[in-house]
Amino acid sequence: MRVLLNGINALGAGGRTVISSVVPCVANAAPDITFDLVLPADQGYEYWHSTQNLNIHLMKRPANRFLGRFADIYLDISRW
């Protein structure tokens with residue numbers, strides 16, 4: 001099974017704390033599940049490295065946060 005952990009908006013201290021403390025614990029607690037963690041590039045997460053069941057993906061965020069959020073909500077979701 002694969003699980004996507006979306007941390008693309010983890011920009012502030014609160015998000016960093018959650019990512020730094022919760023994600024490794026979840027990956028260790030469920031070694032039979034593969035986790036894909038998406039983090040913002042150029043925000044200090046470059047030192048994170050993938051492990052056996054935790055794949056780290058660094059993605060660039062759009063320059064305009066409002067337009068990027070609009071695209072996340074309305075453009076990238078398939079219609080039913």
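- Note that CD1 of I56 is 4.5 Å distant from CG of L37, once rounded to the nearest 0.5 Å.
- How far CG of L54 is from CG of N28: 9.0 Å, rounded to the nearest 0.5 Å.
- Here the CZ atom belonging to R16 is positioned 9.5 Å from the CG atom belonging to L39, to the nearest 0.5 angstrom.
- Both V22 and Y47 are assigned to one and the same hydrophobic cluster, defined by single-linkage of ILVMFWY side chains at heavy-atom distances under 4.5 Å.
- Of all non-hydrogen atoms in F35 and A30, the two that sit nearest each other are CE1-O, 3.8 Å.
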Review point. Could you go step by step and tell me if V38 and L4 meet the side chain to side chain contact (heavy atoms under 4.5 Å, CB included) rule?
Key: CA-CA 8 Å; V38 179; L4 173 65; 3.6 Å; yes

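- With hydrogens and angles disregarded, a donor-acceptor distance shorter than 3.5 Å links the side chain of N53 to the backbone of A27.
- Of all heavy-atom pairs between I19 and W48, the closest is O-CH2, 3.2 Å.
- The CG atom of D36 lies 8.0 Å from the CG atom of L5; values are rounded to the nearest 0.5 Å.
- To the nearest 0.5 Å, atoms CE (M59) and CD (Q43) are separated by 14.0 Å.
- In terms of hydrophobic clustering, with Ile, Leu, Val, Met, Phe, Trp and Tyr side chains grouped at heavy-atom distances under 4.5 Å, V26 and I8 are assigned to different clusters.
- Taking CG of N55 as the reference point, atom CZ of R2 lies at 6.5 Å (rounded to 0.5 Å).
- Here the shortest heavy-atom pairing between A41 and E46 reads C-OE2, 3.6 Å.
- Between G7 and P40, the closest heavy-atom pair is O-CD, 3.3 Å.
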